Amino acid sequence: MRIDPAIGLHRIVGVLCVVVLGAMALTGCQSLSGKHVAQSEGRRVEVVRRGAVQPGAPTVVFEAGLGFGAGHWDKVMNALEQAPTAPMFAYSRPGYGDSQPAGSASDPASIARRLHALLAAESVPPPYVLVGHSLGGVYVQTFAALYPNEVAGLVLVDPTHPRQWHAMNERAPRDAKLVSALSVAFSPAMKREFEASKEKVAALAEPYRGPVILLAAKRPDAISSAEFTTLRRELLEDMGHTYGVSPRWIDASHNIHRDDPSAVASAIRALLAPPASLAPGHADRDHGGRG
């Protein structure tokens with residue numbers, strides 16, 4: 001919908017409350033089941049590990065979106081634990097939750113390499129099923145491009161397109177200006193990631209060619225313009241084309257994993273026990289549907 005200037009400020013304030021307060025609540029939660037503080041590359045890192053270790057089985061590794069950490073995946077983890085499942089690993093990036101801030105780069109390749117080092121430090125061997133939401137979707141795609149032999153599959157949860165910022169400025173400039181206005185309230189960690197996300201991700205020139213499931217949100221954000229809603233759909237379809245898959249359109253908001261955690265859990269289970277159509281070297285070709 002278009003933003004009425006008369007009420008735009010109220011909506012901006014509301015979004016700021018959701019982004020800032022929501023991130024604080026979900027990344028700083030002290031009661032996360034399976035939580036501990038790890039050490040990697042000389043820094044403290046908040047980690048959540050759940051599920052039974054199964055030698056040789058993939059570990060499900062979660063990557064949250066901008067401003068959120070390990071706690072944002074609790075509903076999906078709970079859904080997966082309703083039946084026997086693989087080990088699960090979530091963490092908070094530098095500056096979120098109990099993770100120590102990092103003065104180093106926050107571009108997708110650097111974040112992917114830090115995650116790789118953290119998994120090694122925690123003695124979590126491959127293969128991995130990587131699950132990424134929003135900007136976390138860019139990070140897991142980058143990880144898979146850098147370490148393809150260690151990845152058993154990707155679940156992309158309404159992911160950010162690597163060229164989204166460039167496309168927004170061209171096709172939905174009012175939305176781009178709104179996002180820039182919102183960014184003044186971002187934490188230092190969020191600002192570093194947000195600025196780095198605007199740059200081209202060189203690693204994605206050779207995308208991952210293993211199994212991929214792409215979950216896309218049907219419901220547009222309340223403050224998005226009609227132009228961005230159309231653009232967002234096109235970008236998700238384009239990402240699907242990159243991986244040879246059709247998006248699964250879920251009746252949920254951008255936070256599919258919060259609105260419908262069972263949809264995300266089902267996608268993960270499909271990659272943990274893949275049918276022939278999801279064998280390595282293939283993707284979610286037969287599961288595209290809309291609904």
Side-chain angles (χ1 to χ4, degrees), residues 40 45 47-51 53-65 70 73 76-77 80 85-91 93 107-162 201-215 236 239-248 257 264-287:
S40 180
V45 184
V47 167
V48 172
R49 298 184 67 170
R50 291 168 62 175
V53 175
Q54 303 173 24
T59 295
V60 182
V61 178
F62 296 95
E63 186 74 84
W73 295 105
V76 177
M77 288 183 164
L80 285 169
T85 189
M88 295 175 283
F89 183 100
Y91 79 110
R93 294 188 298 276
D107 60 283
S110 296
I111 287 172
R113 292 188 179 103
R114 280 200 292 266
L115 173 57
H116 191 258
L118 173 62
L119 290 167
E122 283 285 280
S123 299
V124 181
Y128 311 116
V129 169
L130 304 176
V131 186
H133 169 247
S134 196
L135 189 55
V138 176
Y139 300 154
V140 297
Q141 290 177 76
T142 304
F143 187 108
L146 291 173
Y147 310 104
N149 294 332
E150 299 184 18
V151 178
L154 294 178
V155 177
L156 304 176
V157 184
D158 212 42
T160 298
H161 194 287
V201 185
L204 295 182
E206 294 292 334
Y208 173 67
R209 291 305 179 192
V212 176
I213 294 177
L214 172 57
L215 304 181
L236 287 165
M239 186 176 293
H241 180 74
T242 296
Y243 292 108
V245 307
S246 296
R248 296 185 186 184
H257 56 305
V264 181
S266 294
I268 293 169
R269 289 195 186 98
L271 293 186
L272 291 173
S277 62
L278 288 178
H282 296 77
D284 191 22
R285 303 178 191 278
D286 299 324
H287 298 268

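This structure is a prediction, so every number in the text was calculated from the model and none was measured.
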Are any non-hydrogen side-chain atoms of [X] and [Y] less than 4.5 angstrom apart?
X	Y	answer
D158	L236	yes
I268	F62	yes
V131	W73	yes
F143	Y128	yes

Item to check | Pairs where residues 142-152 contributes a residue and the test side chain to side chain donor-acceptor pair (under 3.5 Å) is met, not counting sequence neighbours | outcome: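 Applying side chain to side chain donor-acceptor pair (under 3.5 Å) to every pair that reaches into residues 142-152, excluding sequence neighbours, yields H116-E150.
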If you compare all heavy atoms of [X] against all heavy atoms of [Y], which two are closest, and at what distance to 0.1 Å?
X	Y	value
V264	H257	CG2-CA, 3.8 Å
R49	E122	NH1-O, 2.9 Å
I213	A267	CD1-O, 3.5 Å
S40	V45	CB-CG2, 4.3 Å
M88	L80	SD-CD1, 3.5 Å
L154	A144	CD2-CB, 3.9 Å

Checklist entry - How long is the gap from OH on Y139 to CD1 on I111, to the nearest 0.5 Å? => result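 Going from the OH atom of Y139 to the CD1 atom of I111 covers 3.5 Å.
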Checklist entry - CG of L146 to CD of Q141: how many Å apart, nearest 0.5 Å? => result 12.0 Å
Item to check | Y91 side chain to L118 backbone, donor-acceptor under 3.5 Å | outcome: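 No: the side chain of Y91 does not pair with the backbone of L118.
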Next on the checklist: Tell me if a side-chain donor or acceptor on R93 pairs with a main-chain N or O of A64 at a distance below 3.5 Å.
Outcome noted: yes
